[in-house]
Amino acid sequence: MSEQRVRDLLDEVARPVPPPDLAEQAWRRAGRIRHRRLAVAGAAATVAAVVAGIAFLVPTPRGDETLTAQDLRGRTFASTIVTENGRARELADDMPISLEFTSNERFEGLAGCGAMTGQVRPEDGRLDLIRWDRATTAAAYCTAERTAQDQWLATLLEAEPSYRLTGETLVVTSGTTTIVLREFDETLVDRAFLSTEVSVGGKRSDVLGGVRVRLAFARDGELQAGVGCNELSGPADLSDHRLRVRLGTTDMSCGAVRAQESWLGEFLRSEPAWQLDGHTLVLTSGEVELRLVDVETREPFTPVR
Amino acid sequence: MPDPTAEETFTAWAAARQHALLRTAYLLTGDLHKAEDLLQDALTKVAQRWRRLSSGNPEGYARTILVRTNVSWWRGIRREQVVGELPELESAEAAGAAAESAESVERRLVMARALAKLPPRQRAVLVLRYYDDLTERQTADILGVSVGTVKSQAHAALRKLRTESPELAELIGSTQENEVSS
């Protein structure tokens with residue numbers, strides 16, 4: 001059976017498949033999923049605030065009011081508390097407000113229905129809306145309440161609200177309305193990494209002996225790790241740029257990589273600090289540094305078809 | 001003129017590639033409805049990560065999602081799996097029937113049935129290697145297996161096609177000596 005004949009046969013089977021029309025639908029669906037995720041994050045943060053006994057109290061420490069667009073670039077914030085005239089404003093379907101600063105001066109706002117994008121410049125403690133780019137509407141999800149909430153956010157942003165950023169908390173205020181947003185860190189979520197190098201005291205180490213470590217951070221907060229045999233996994237806490245994980249493991253006999261597995265388990269349990277620089281993840285514990293690269297950066301390939 | 005938004009660049013990419021990806025998904029599943037669901041999931045996942053993927057390899061990522069999701073779906077329904085008869089393509093087939101010879105229709109149906117008899121990983125190896133023209137290394141990366149596994153699965157898939165679908169070998173003229181090489 002020749003290679004070309006297999007190709008021809010597969011091509012014959014696939015040829016009648018009609019073209020789909022899924023591109024815009026997929027984008028809208030991704031937006032809805034992201035918004036639901038933010039809702040969960042916002043709800044969790046609100047619960048945390050209540051537990052801490054500070055519900056509905058807007059933080060008052062002085063923050064950084066001299067931000068530039070560059071400082072906000074790549075950061076996403078989801079609302080935890082919204083107040084009007086000192087009282088909590090109920091959000092439609094409990095969907096949080098989110099502001100994502102996508103690139104230089106560009107942002108995307110979500111308030112429950114569609115997505116609004118535009119250009120905004122932080123200046124003198126105020127968010128100066130330069131222009132709207134576009135507003136998209138996910139009609140199927142736009143109840144009257146959600147549509148009104150979209151309009152409410154758009155009006156607030158057009159009124160040059162003041163802002164204050166304190167650590168991961170962004171407070172946006174316009175008149176008697178205040179939105180407190182927390183940064184939503186999803187930099188490692190849904191990503192997998194492969195090791196490229198281990199160094200000890202700045203010198204390259206051969207502790208992995210040519211075996212590559214794979215780390216995957218799942219959306220449910222679980223870390224999966226391994227060197228090709230057993231799977232080490234457990235809930236991971238990534239706060240404060242430190243990886244704290246309670247690892248369990250499968251129990252297969254892996255003679256060839258047993259030493260590397262032990263090393264990896266010990267390293268991960270040592271609560272290494274983590275830093276993400278573009279596609280490179282660096283885990284550091286004491287003098288040991290493990291560098292990994294995002295698997296999405298593998299050499300691109302695009303089949304000819 | 002403002003730079004295109006992420007939505008615009010994504011929809012342009014997806015519009016250009018969705019047909020090719022749907023064909024791959026169809027070969028993987030043997031069912032047009034499942035293929036569309038699979039593609040929808042894959043495109044949504046690409047859209048969720050578009051800002052990271054747009055400057056990299058979105059198509060490779062989409063293909064990985066297609067293959068891996070299909071394998072996991074298949075695990076869930078393997079007891080109910082039936083041999084594909086391509087019923088969902090009947091209308092398209094009817095429309096093109098005048099231009100397509102009876103012989104090529106038969107050949108296509110036989111190949112589709114033969115593919116449906118393959119385990120999902122073997123089918124994925126065939127589709128990725130010989131339909132999507134990926135290398136063994138690229139195929140191994142997508143499936144999360146070694147290059148050696150890709151070779152052995154490809155070999156097993158071709159042998160199964162020949163032994164379980166002798167009419168296919170007759171149609172295309174089997175030449176075992178001329179085995180597919182890497």
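For clarity, every value in this text was computed on a predicted model and none was experimentally measured. Below, read A as the first sequence line, B as the second, and so on, with proteins coming before strands; counting in each chain starts at 1.
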Next on the checklist: Using modelled atom types and a 3.5 Å cut-off, is there a donor and acceptor pairing between side-chain atoms of B:Q18 and backbone atoms of A:P20?
Outcome noted: yes
Next on the checklist: Contact between A:P18 and B:H19 at the side-chain level, heavy atoms closer than 4.5 Å - yes or no?
Outcome noted: no
Checklist entry - Pick from B:S55, B:A15, B:A47, B:A14: which one has the most heavy-atom pairs with chain A under 4.5 Å? => result B:A47
Item to check | Heavy-atom side-chain proximity of A:L9 to B:Y130 below 4.5 angstrom | outcome: no
Checklist entry - Side chain, backbone, both or neither: which part of B:A42 has a heavy atom under 4.5 Å from chain A? => result neither
Checklist entry - Where do A:R7 and B:D133 land on the side-chain contact (heavy atoms from CB on, under 4.5 Å) test, with the steps shown first? => result CA-CA 9 Å; A:R7 284 201 173 92; B:D133 287 331; 2.6 Å; yes
Checklist entry - Checking B:L21 against chain A: side chain, backbone, both or neither under 4.5 Å from a heavy atom? => result neither
Checklist outcome for this item: Cut-off 4.5 Å, heavy atoms of chain A, and the answer for B:W13 is neither
Checklist outcome for this item: Here the pair of heavy atoms bringing A:L10 nearest to B:V127 is CD1-CA, 4.4 Å
Item to check | Note, B:M111 side chain near A:E12 side chain (heavy atom, < 4.5 Å) | outcome: no
Checklist outcome for this item: Heavy atoms of B:Y131 and A:A14 approach each other most closely as OH-CB, 3.7 Å
Checklist entry - Rounded to the nearest 0.5 Å, how far apart are CZ of A:R28 and OG1 of B:T11? => result 10.5 Å
Checklist entry - Does a sphere of radius 6.0 Å around CD in B:Q40 hold more than 12 heavy atoms from other residues, nucleotides or ligands, not counting ones at 6.0 Å or beyond? => result yes
Checklist outcome for this item: CZ of B:R108 to CZ of A:R15, rounded to nearest 0.5 Å, is 8.5 Å
Item to check | Nearest heavy atoms of A:A26 and B:L43, plus distance in Å | outcome: CB-CB, 3.5 Å
Item to check | Part of A:Q4 lying under 4.5 Å from any heavy atom of chain B | outcome: neither
Checklist entry - Salt bridge between A:D11 and B:R23, side-chain N to carboxylate O under 4.0 Å? => result no
Checklist entry - Does some side-chain heavy atom of B:L22 sit less than 4.5 Å from a side-chain heavy atom of A:L22? => result no
